[in-house]
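These notes are about the structure you will find just below.
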Amino acid sequence: MADLARRFEADLSLPVEPLRLGDRAIDVDTTPAIMGCVNLSPDSTYRESVATSTGSAVRKGRILAAQGADIVDIGAESSNPRTRQVSAAEQVAALAPVVKALASEGIAVSVETYEPAVARSCLDAGALLVNYSGGLASDGEMFPVLADHGAAVVLCHVEGRNSRDVGAKGIDEDPVPRMLEYFERRVDHARSAGVERIVIDPGIGFSHDRRISPDTRVHYQGRALLNTFRLRRMGLPICHSLPHAFSLFEDEFRTAEGFFTVLAHLGGTGVYRTHEVPRTRAVLAALRALGPQSFAPGA
């Protein structure tokens, strides 16, 4: 990390916009934002986040908010391409009642989807943010929906049609140049469509082709986390979906996101998407208490 900081020192102190959710603005350099996950897809791999009904999802969302989540992110389709694909109508039926219930209690809700119809229905129900897991092909429909609602968007690095299209993904030794080129193009398109509240996500939490070994994937994820600060050239908050690296952590996989929180913090992440809100919150509090020893911007 010290070598990275020396090589790209100019990027460390570049300012980024605050995260804006409704009438709230969060300076994520001084107060990192935590996004807790609720999955209404029964085949999601992180079993602890799965809700089996509307009531269960609302309860889990309340718990996450009480544990310190600034945002509750809900989804109804797993990003794992080997699981069942869920129609837009099914997603709306599952998500909209949960969004409405949580939003009515003042909880900031995000919806993970690549379907414009799902985004529209959930924004109508009170969601403030769309965790947009679609690729370039969906932008023409999605961006007007976001602009019409004045919504925030997490714009994910998705090289194919959507996050399930793992065949389109590559792993570079230095992933940043390709990410910068990608985000510059998509952010320009989003802004030209009237989308103003943008967060960028390098997309390291999405699946890869089976031909890529778990060790290779974890090394890539670690590099991307530590190089996060170089994306500050975009001037936008940076979100990471924290890995859980079952191949390394096995029975202790629930501690993995806490470990990767350290790497994300050192890299200058602003928004942390996690299944383990209390652990992530505690690790961030401890890291920030250490003060200027960290290389993270704003530390």
Side-chain angles (χ1 to χ4, degrees), residues 16-21 26 28-29 32-37 39 69-75 77-79 108 110-114 119 127-136 138-139 142-143 146 151-166 168-172 175-176 178-191 195 197-208 217 220-244 257 260-261 263-265 267-275 280:
V16 298
E17 296 178 7
L19 170 65
R20 291 180 288 161
L21 299 168
I26 305 173
V28 294
D29 279 345
I34 297 175
M35 179 187 288
C37 307
N39 292 312
D70 299 281
I71 307 158
V72 173
D73 187 51
I74 61 175
E77 180 185 74
S78 172
S79 60
S110 165
V111 174
E112 182 185 341
T113 187
Y114 52 83
L128 298 177
L129 184 150
V130 173
N131 189 5
Y132 178 28
S133 54
L136 294 167
S138 303
D139 289 354
M142 181 65 82
F143 290 159
L146 298 168
V153 62
V154 175
L155 194 58
C156 297
H157 183 226
V158 174
E159 296 172 85
R161 294 164 298 165
N162 55 62
S163 57
R164 296 168 64 94
D165 188 4
V166 296
K169 292 187 69 173
I171 288 184
D172 296 334
V176 173
R178 186 154 55 103
M179 287 182 184
L180 283 169
E181 181 181 358
Y182 174 91
F183 282 125
E184 285 169 1
R185 180 166 48 148
R186 289 193 80 187
V187 168
D188 284 348
H189 185 187
R191 285 175 169 155
V195 180
R197 302 181 171 200
I198 302 173
V199 178
I200 57 174
D201 180 347
I204 65 170
F206 297 134
S207 298
H208 283 84
R217 183 187 183 203
Y220 169 76
Q221 290 170 325
R223 290 196 305 274
L225 289 168
L226 290 174
N227 278 276
T228 296
F229 70 95
R230 294 167 58 196
L231 297 174
R232 294 174 70 87
R233 298 178 206 178
M234 297 297 304
L236 299 169
I238 303 159
C239 173
H240 272 297
S241 183
L242 296 170
H244 34 272
E257 292 187 9
F260 285 109
T261 295
L263 301 188
H265 170 79
T269 300
V271 183
Y272 296 73
R273 184 181 183 273
T274 179
H275 302 85
T280 297

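The residues D29 and R232 are annotated as salt-bridged, a charged nitrogen and a carboxylate oxygen being separated by less than 4.0 angstrom. R273 has a carboxylate O that lies under 4.0 Å from a charged side-chain N of E112, or vice versa, which qualifies the two as a salt bridge.
Between H244 and H275, the ring-plane angle classifies as perpendicular under the 30° and 60° cut-offs.
A heavy-atom distance below 4.5 Å is found between the side chains of V130 and L146. In this structure, Y272 and S241 have side chains that are not in contact, with every pair of non-hydrogen atoms separated by 4.5 Å or more. Between V195 and V187 there is no side-chain heavy-atom pair separated by less than 4.5 Å. Using a 4.5 Å cut-off on side-chain heavy atoms (C-beta onward), P202 and I238 make contact. A 4.5 Å side-chain heavy-atom check between L242 and T280 finds at least one atom pair inside the cut-off. Two residues are said to be in side-chain contact when any heavy atoms from C-beta on lie closer than 4.5 Å; L180 and L231 meet this criterion. For the pair E159/H157, a side-chain contact is recorded, criterion being any heavy-atom separation below 4.5 Å from C-beta on. Within the 4.5 Å cutoff, the side chain of V72 has no heavy atoms near those of the M35 side chain.
Checking each of E184, R178, R186, R185 against Y182 for a side chain to side chain donor-acceptor pair (under 3.5 Å) leaves exactly one that passes, namely R186. Of the residues T274, T261, D201, T228, the one that meets the side chain to side chain donor-acceptor pair (under 3.5 Å) test with H240 is T228.
Distance check: I34 CD1 to D73 CG gives 13.5 Å after rounding to the nearest 0.5 Å.
For H189 and F143, the gap between ring centers is short of 6.0 Å.
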Legend entry - Working for side chain to side chain contact (heavy atoms under 4.5 Å, CB included), residues I204 and R217: CA-CA 9 Å; I204 65 170; R217 183 187 183 203; over 6 Å; no
Legend entry - N131/C156 under side chain to side chain contact (heavy atoms under 4.5 Å, CB included): CA gap, chis, key distance, verdict: CA-CA 8 Å; N131 189 5; C156 297; 3.6 Å; yes
